[in-house]
Amino acid sequence: MTVFQNITSLLETKCVGIAGAGGLGSNAAAALVRSGIGHLVIADFDTVTPENINRQFYFADQQGRPKVHALQENLLRINPKIKLQPYKERVTPGNAKDFFNTCHVVVEAFDKATEKEWFANWMTQHLPHIPLIMASGIAGWGQQDVLRIQRAGNLYVCGHQKETDTTNTPMLAPRVTQVAMMQADLVLEILLKELPRIP
Amino acid sequence: MKITLNNRKETFDTGPLTVSEILDRKSFRFKMLVVKLNGELIPKENYPSTPVKEGDNLDIIHLISGG
């Protein structure tokens with residue numbers, strides 16, 4: 001087998017949780033499906049709006065539809081065989097375990113800092129063995145060197161971690177997608193540690 | 001005391017210091033934070049009572065809205 005075949009046959013046995021299907025979650029999910037991940041659990045309560053189209057993996061004709069359903073449709077166009085578990089629900093301490101319990105890695109892709117905070121605390125307390133890949137600080141453009149990854153045990157944080165004012169520093173496709181790709185690449189980094197060595 | 005703060009060596013003129021004192025000295029003023037001390041999560045209410053000692057590994061993560 002080639003290295004690439006080894007990678008895809010390993011990844012198709014893996015399950016990744018995506019908590020939130022906005023700019024981070026929708027784009028990270030697409031990259032993971034293209035990489036050959038076999039199973040995604042995606043949870044989001046929201047619907048696609050016109051303001052989402054500038055950076056999220058949705059199309060103009062999907063406005064008004066639940067994000068998890070629109071994303072399911074788009075991901076199945078990349079790989080019709082992918083196993084998807086979409087939940088059109090807000091992730092809460094009451095349902096998070098049911099959603100993400102069986103995942104090998106979880107990607108945090110919420111919008112609000114308050115949600116990021118409870119989820120980081122909750123995951124660290126209830127599912128500490130599952131690596132959690134978060135994003136913090138994704139607004140703006142230019143000076144890409146500000147983007148970084150902070151690693152704290154099983155917790156990984158991608159982004160610039162700088163407070164920005166949303167009026168003057170909007171979220172734009174290149175950086176949002178870039179941070180989503182940092183998250184997706186970290187998923188591969190973690191999962192491919194098991195990659196068998198070529199003799 | 002010397003500690004590792006966010007993967008970098010950091011020296012303080014005194015020690016031990018509490019998590020709150022370190023947040024203050026390093027000017028971490030964000031409301032939303034995750035703090036891990038030697039890999040263990042420190043709940044917000046314990047910042048003033050949790051001592052950080054020589055050689056400890058402290059991670060302070062800022063959480064910013066946007067997703």
Side-chain angles (χ1 to χ4, degrees), chain A residues 18-28 44 46 55-56 107-125 128 132 134-140 148-164 166 169-172 175-176 179-180 183, chain B:
Chain A
I18 310 274
L24 295 166
S26 65
N27 285 306
D44 192 294
D46 212 358
R55 64 187 188 281
Q56 305 190 12
V107 173
E108 175 279 319
F110 293 132
D111 184 31
K112 294 193 173 63
T114 47
E115 293 174 296
K116 292 173 187 288
E117 190 184 49
W118 84 253
F119 194 61
N121 288 306
W122 187 90
M123 282 292 292
T124 313
Q125 278 158 4
L132 175 64
M134 305 186 66
S136 176
I138 63 168
R148 62 195 176 94
I149 297 169
Q150 186 170 347
R151 296 159 196 260
N154 241 354
L155 183 68
Y156 302 76
V157 186
C158 306
H160 55 54
Q161 290 192 43
K162 291 176 196 298
E163 196 75 75
T164 44
T166 46
T169 314
M171 285 186 278
L172 300 171
R175 177 160 292 168
V176 172
V179 176
Q183 291 182 289
Chain B
M1 67 168 179
K2 289 193 175 81
I3 65 165
T4 305
L5 175 61
N6 293 346
N7 295 320
R8 281 189 204 156
K9 300 281 170 223
E10 189 80 44
T11 308
F12 295 92
D13 47 16
T14 55
L17 294 165
T18 65
V19 170
S20 294
E21 286 168 332
I22 290 183
L23 290 173
D24 212 45
R25 289 195 185 203
K26 297 303 295 176
S27 307
F28 285 109
R29 306 210 189 282
F30 291 90
K31 274 185 232 132
M32 295 296 154
L33 291 173
V34 171
V35 174
K36 288 179 99 178
L37 179 60
N38 300 323
E40 222 150 281
L41 190 84
I42 308 297
K44 194 162 277 185
E45 58 272 22
N46 294 350
Y47 293 172
S49 61
T50 304
V52 180
K53 302 185 208 73
E54 174 78 27
D56 277 353
N57 190 357
L58 185 66
D59 289 294
I60 301 172
I61 295 158
H62 289 155
L63 297 176
I64 316 285
S65 283

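What you are looking at is a predicted structure, and each value in this text was computed from that prediction instead of being measured. Just so it is clear: chains get the letters A, B, ... in the order the sequence lines come, proteins before strands, and each one is counted from 1. Atom set for the values below is all heavy atoms of this structure, side chains included, hydrogens, waters and symmetry mates excluded.
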Mind ranking [options] by heavy-atom pairs under 4.5 Å with chain B and telling me who comes out on top?
options                       : result
A:A113, A:G20, A:S26, A:A109  : A:A113
A:K116, A:Q56, A:E108, A:E115 : A:K116
A:G22, A:A120, A:G137, A:G153 : A:G137

Discussion item. Which heavy atom of A:Q125 sits nearest to which heavy atom of B:L41, and what is that distance?
Written reply: NE2-CD2, 3.7 Å
Practice prompt. Give the minimum heavy-atom separation between B:I64 and A:E163, together with the two atoms involved.
Written response: CD1-N, 3.7 Å
Worksheet item: At a heavy-atom separation under 4.5 Å, does B:K44 approach chain A through its side chain, its backbone, both, or neither?
Response: side chain
Worksheet, complete the sentence: Under 4.5 Å to a heavy atom of chain A? For B:L58 that would be neither
Quick one, [X] and [Y] - any side-chain contact, counting heavy atoms below 4.5 Å?
X      : Y      : value
A:T114 : B:M32  : yes
A:T124 : B:V34  : no
B:L63  : A:M134 : yes

Item to complete: Look only at the side chain of A:Q161 and the backbone of B:H62, and say whether a donor-acceptor pair between them is shorter than 3.5 Å.
Response: yes
Worksheet item: By a 4.5 Å heavy-atom criterion (distance strictly below it), what part of A:A152 contacts chain B: side chain, backbone, both, or neither?
Response: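 Both parts, heavy atoms under 4.5 Å.
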